[in-house]
2 protein chains.
Amino acid sequence: MEQNVIDASGLLAISTRLQRLSDQIRKDGLLIYKAFGIDFQPKWFPVLYTLYKKSTMSVVSLSEEIGYAHPSTISLLKELEKEKLIRSKKDKVDTRKRLVELTAQGKTLLSTMEPVWEVIIKATAEITNTENNLMKAINEVEASLQEKSFLQRAEVYIKK
Amino acid sequence: MEQNVIDASGLLAISTRLQRLSDQIRKDGLLIYKAFGIDFQPKWFPVLYTLYKKSTMSVVSLSEEIGYAHPSTISLLKELEKEKLIRSKKDKVDTRKRLVELTAQGKTLLSTMEPVWEVIIKATAEITNTENNLMKAINEVEASLQEKSFLQRAEVYIKK
DNA sequence: CAAATATATGTAGTTAACTACATATATTGC
DNA sequence: GCAATATATGTAGTTAACTACATATATTTG
């Protein structure tokens with residue numbers, strides 16, 4: 001029983017622990033970029049790297065690609081525009097759309113970052129390649145929730 | 001290379017994905033409590049359950065126990081005080097300390113919640129007991145960071 | 001035993017995501 | 001081809017954690 005209750009508490013504590021974990025990694029990431037003399041915030045990575053790969057995207061498609069709600073993307077884009085790392089233009093076919101792309105400065109920055117990614121990748125691998133791989137665990141949990149939500153699973157037990 | 005860069009992106013995306021994950025579980029948790037006719041917010045669990053176990057605690061020791069920064073605990077305690085689920089009194093020995101405990105109403109609520117925990121525990125087990133167990137993965141990553149931080153690990157590669 | 005240090009609590013402000021709502025433009029279907 | 005619906009973007013406000021700072025009290029040490 002004791003263990004069970006701790007698990008119930010543990011479930012709710014996952015959020016906090018992982019937030020703290022990623023927060024710490026993000027801060028360390030910032031320091032690594034600094035060590036390479038690069039003025040860059042880790043939270044910019046998903047947007048910039050996606051634009052690096054795909055050259056031009058609308059706000060919503062970019063949001064879907066990186067898995068953020070669109071207002072989050074908009075606020076990141078605002079910062080990046082201020083930094084002159086991206087620019088945007090109207091889509092001539094569908095005028096609702098705003099097409100976003102890297103500036104020359106943005107592209108230059110991204111290319112100077114590649115060696116840093118190598119370092120980050122190696123350090124990440126060291127940390128997460130434990131017996132229960134964190135990345136894989138997240139994927140698996142997301143997949144099981146996709147299949148049947150937490151609530152749906154709970155309902156089965158409630159009905160009993 | 002492609003895979004590596006996706007990993008670098010993935011690392012930074014962990015934060016978001018897990019936040020969303022826990023957010024969803026928390027919302028479903030709220031609905032489960034509702035299904036049982038219990039007016040309860042999942043985020044209250046760690047504080048209330050700890051007080052249920054330990055009866056009386058100071059703000060800082062409670063924060064340590066649940067793994068939150070103390071201002072977060074204080075703000076939860078404010079809500080719980082408003083709900084009349086907890087009350088506090090001064091420690092007569094060390095007057096800096098505020099001792100927090102459940103009210104009778106709080107204790108009653110907690111005892112009605114036990115059957116709900118059973119359900120939550122079962123649903124959680126279904127979801128997280130995959131090949132790579134999420135809870136265990138988190139523990140392992142926290143342990144490897146404890147041993148050597150992300151930054152320290154990265155520094156080894158930078159120096160090369 | 002007084003000064004320096006440590007600990008406990010509290011407040012204010014930040015962060016990085018979110019949801020809800022508003023508006024403009026495009027697409028669909030009768 | 002117009003009305004209803006869907007999609008794209010944007011703004012405002014929320015959430016739940018955080019850090020930094022302030023103050024009061026306790027403990028330690030020279």
Side-chain angles (χ1 to χ4, degrees), chain A residues 11-31 41-48 56-81 86-100, chain B residues 11-31 41-48 56-81 86-100:
Chain A
L11 171 69
L12 299 164
I14 286 183
S15 164
T16 321
R17 290 170 67 195
L18 291 169
Q19 216 168 296
R20 212 169 16 228
L21 202 61
S22 67
D23 203 56
Q24 194 186 326
I25 289 173
R26 178 167 285 178
K27 271 176 197 153
D28 283 356
L30 184 60
L31 293 174
Q41 294 206 39
K43 67 173 168 174
W44 295 343
F45 186 91
V47 166
L48 290 184
T56 282
M57 292 187 97
S58 73
V59 175
V60 167
S61 59
L62 184 53
S63 303
E64 280 164 0
E65 182 84 11
I66 66 178
Y68 286 14
H70 81 272
S72 313
T73 306
I74 289 170
S75 103
L76 286 171
L77 289 173
K78 261 184 200 155
E79 285 181 42
L80 293 169
E81 201 137 35
I86 61 130
R87 70 172 153 247
S88 35
K89 58 186 182 194
K90 267 234 142 68
D91 183 325
K92 280 163 194 163
V93 181
D94 185 339
T95 65
R96 292 171 306 178
K97 283 184 182 160
R98 168 182 158 198
L99 298 176
V100 185
Chain B
L11 171 68
L12 299 164
I14 284 183
S15 162
T16 321
R17 290 170 69 196
L18 291 170
Q19 216 168 295
R20 209 165 21 226
L21 202 60
S22 65
D23 203 55
Q24 194 188 324
I25 289 174
R26 178 167 288 180
K27 272 178 196 152
D28 283 357
L30 183 60
L31 293 174
Q41 294 205 39
K43 67 173 167 171
W44 295 342
F45 186 90
V47 167
L48 290 184
T56 283
M57 291 187 95
S58 73
V59 175
V60 167
S61 60
L62 184 53
S63 304
E64 279 164 1
E65 182 83 11
I66 66 178
Y68 287 13
H70 81 273
S72 312
T73 306
I74 288 170
S75 103
L76 286 170
L77 289 174
K78 261 183 200 156
E79 286 180 42
L80 293 170
E81 202 137 33
I86 62 132
R87 72 171 152 248
S88 35
K89 58 186 183 195
K90 267 235 143 68
D91 184 325
K92 279 162 195 164
V93 181
D94 184 339
T95 66
R96 292 171 304 176
K97 284 185 183 160
R98 168 183 159 199
L99 297 177
V100 184

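Just so we're on the same page: letters track the sequence lines, and every chain starts at 1. Being a predicted model, the structure only gives us computed values, none of them experimental.
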Exercise for the section: Look up atom CE in B:Met57 and atom NZ in B:Lys97, then write down how far apart they are to the nearest 0.5 Å. Expected result: 10.0 Å

Handout entry: Nearest-0.5 Å distance that lies between atom OG in A:Ser58 and atom CZ in A:Arg96
Key = 10.0 Å

Practice task
Tell me the partner of D:dA22, counting only Watson-Crick (N1-N3 plus N6-O4 or O6-N4) or G-U wobble (N1-O2 and O6-N3) with both under 3.5 Å; none if nothing fits.
Solution key: C:dT9

Between [atom2] on [N] and [atom1] on [X], what's the gap in Å once rounded to a whole number?
X: A:Glu64; N: C:dC18; atom1: CD; atom2: C1'; result: 17 Å
X: B:Leu62; N: C:dT9; atom1: CG; atom2: P; result: 10 Å
X: B:His70; N: C:dT7; atom1: NE2; atom2: P; result: 14 Å
X: A:Leu77; N: D:dG10; atom1: CG; atom2: P; result: 8 Å
X: B:Trp44; N: D:dT15; atom1: CH2; atom2: P; result: 13 Å
X: B:Ile74; N: D:dA22; atom1: CD1; atom2: C1'; result: 13 Å
X: B:Lys27; N: D:dT15; atom1: NZ; atom2: P; result: 11 Å
X: A:Leu30; N: D:dC18; atom1: CG; atom2: P; result: 19 Å

Completion exercise
Heavy-atom nearest nucleotide on DNA chain D taken for A:Lys78 and for B:Gln41; more 5' hit belongs to A:Lys78

Completion exercise
Note: for B:Glu79 and A:Lys97 on DNA chain D, the residue whose nearest nucleotide lies more 5' is A:Lys97

Practice task
Would you mind classifying the nucleic acid contact of A:Ser72 as base, sugar-phosphate or nothing, using non-hydrogen atoms under 4.0 angstrom?
Solution key: base

Problem - Sugar-phosphate only, base, or nothing, as touched by B:Ser75 at under 4.0 Å among non-hydrogen atoms - result: nothing

Problem - Evaluation steps, side-chain contact (heavy atoms from CB on, under 4.5 Å), between A:Thr73 and A:Val60 - result: CA-CA 8 Å; A:Thr73 306; A:Val60 167; over 6 Å; no

Fill in the blank from the handout: Taking C:dG10, D:dT9, C:dA26 as options, the one with an atom nearest any side-chain atom of A:Asp94 is C:dA26

Using a cut-off of less than 4.0 Å, is there contact between a side-chain N or O of [X] and OP1 or OP2 of [N]?
X: A:Ser58; N: D:dT9; value: yes
X: A:Arg98; N: D:dG10; value: yes
X: B:Tyr68; N: D:dA17; value: yes

Practice task
Kindly write out the residues that satisfy side-chain hydrogen bond (donor to acceptor under 3.5 Å, both in side chains) with B:Glu79, not counting sequence neighbours, or none if the list is empty.
Solution key: B:Lys43, B:Trp44

Handout entry: From CA spacing to verdict: side-chain contact (heavy atoms from CB on, under 4.5 Å), A:Val47, A:Val100
Key = CA-CA 10 Å; A:Val47 166; A:Val100 185; 6.0 Å; no

Handout entry: Side chain B:Arg96 and base C:dT9 donor-acceptor under 3.5 Å
Key = no

Exercise for the section: For A:Asp91 and for A:Leu76, locate the closest nucleotide of DNA chain C by heavy-atom distance; then report the residue assigned to the nucleotide nearer the 5' terminus. Expected result: A:Leu76

